[in-house]
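Ligands are counted one by one from 1 in listed order, and the atoms in each one are counted from 1 as well.
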Amino acid sequence: MSHLAIVASEPGTIIVVEDDPHIADLIELYLRRDGHRVVQAPTGEAGLEAAARERPRLVILDIGLPGQLDGLEVCRRLRSTSNVPILMLTARDDEIDRVLGLELGADDYVTKPFSPRELAARVKAILRRADGPPPARPAVLTAGKVEVDTGRREARIGSRPVSLATREFDLLQFLAENAGLVLSRQQLLDGVWGQGWYGDERTVDVHVRQLRKKLGEALSLTTVWGVGYRLE
Ligand code: CA
């Protein structure tokens with residue numbers, strides 16, 4: 001089992017929070033093919049309850065939900081209590097920045113309409129990342145005026161910690177480990193999000209924007225036009 005886990009993630013329970021039963025059933029069909037157990041929740045409230053009860057490996061969360069809680073609010077609440085991977089279903093392009101940013105911190109998104117095959121592939125990639133090897137030995141890297149403490153997973157300017165989302169920290173660490181090198185968006189996707197990542201390169205830009213916003217002048221990150229980014 002432990003050997004297999006390196007090659008393919010163990011299946012587990014996945015919660016699908018989606019009010020459209022046709023979409024939810026279709027997702028369930030594909031996930032079950034991969035061996036997952038699927039629990040459907042038609043409202044945000046039901047989704048939160050199921051997440052607390054089932055201890056899922058992953059939550060698939062539609063943004064447009066009936067009732068008091070939309071998917072964004074459900075995501076925010078889930079994130080405040082757990083690190084469970086979250087894949088959002090969005091209907092609109094302009095929601096993507098919020099969904100992936102610190103505010104919500106979802107792991108990935110799929111824009112409707114989507115192919116269930118693609119969604120299943122994304123699920124696999126997220127679970128593979130979640131099962132990834134532990135980070136290398138703790139070390140504190142410095143990148144300009146930013147300290148990147150890989151043991152505590154903390155970024156600091158001077159002695160002041162700066163709050164970063166999980167993926168933002170991963171990106172900062174990867175940049176710091178490769179300081180001085182120009183990294184393409186694809187290299188960053190492979191290095192930070194993993195080889196199985198199916199997302200587009202815009203994901204990198206969204207996270208870079210967040211890093212710049214939070215770390216400001218202390219982050220000496222250069223955009224190399226047409227190529228990618230370089231941390232000095
Ligand atoms: Ca919906």
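For the atom pair CG of Leu175 and CD of Glu232, the computed distance is 11.0 Å after rounding to the nearest 0.5 Å.
A donor-acceptor pair shorter than 3.5 Å can be found between the side chains of Arg212 and Thr223.
At distances below 3.5 Å, not a single donor-acceptor pair connects side-chain atoms of Asn178 with backbone N or O atoms of Leu181.
The Ca ion (ligand 1) has Asp19 OD1, Asp62 OD2, Gly64 O as its protein N, O or S neighbours under 3.0 Å.
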(Q) Using the rule given for salt bridge (Lys or Arg N to Asp or Glu O under 4.0 Å), can you reason through Asp62 versus Lys112, listing the C-alpha separation, both sets of side-chain angles and the distance that settles it, and then say yes or no? (A) CA-CA 10 Å; Asp62 186 34; Lys112 289 180 171 181; 3.1 Å; yes
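Both Phe114 and Val16 are assigned to one and the same hydrophobic cluster, defined by single-linkage of ILVMFWY side chains at heavy-atom distances under 4.5 Å. Hydrophobic clustering keeps Leu26 apart from Val39 (ILVMFWY residues linked when any side-chain heavy atoms are closer than 4.5 Å, directly or through intermediates).
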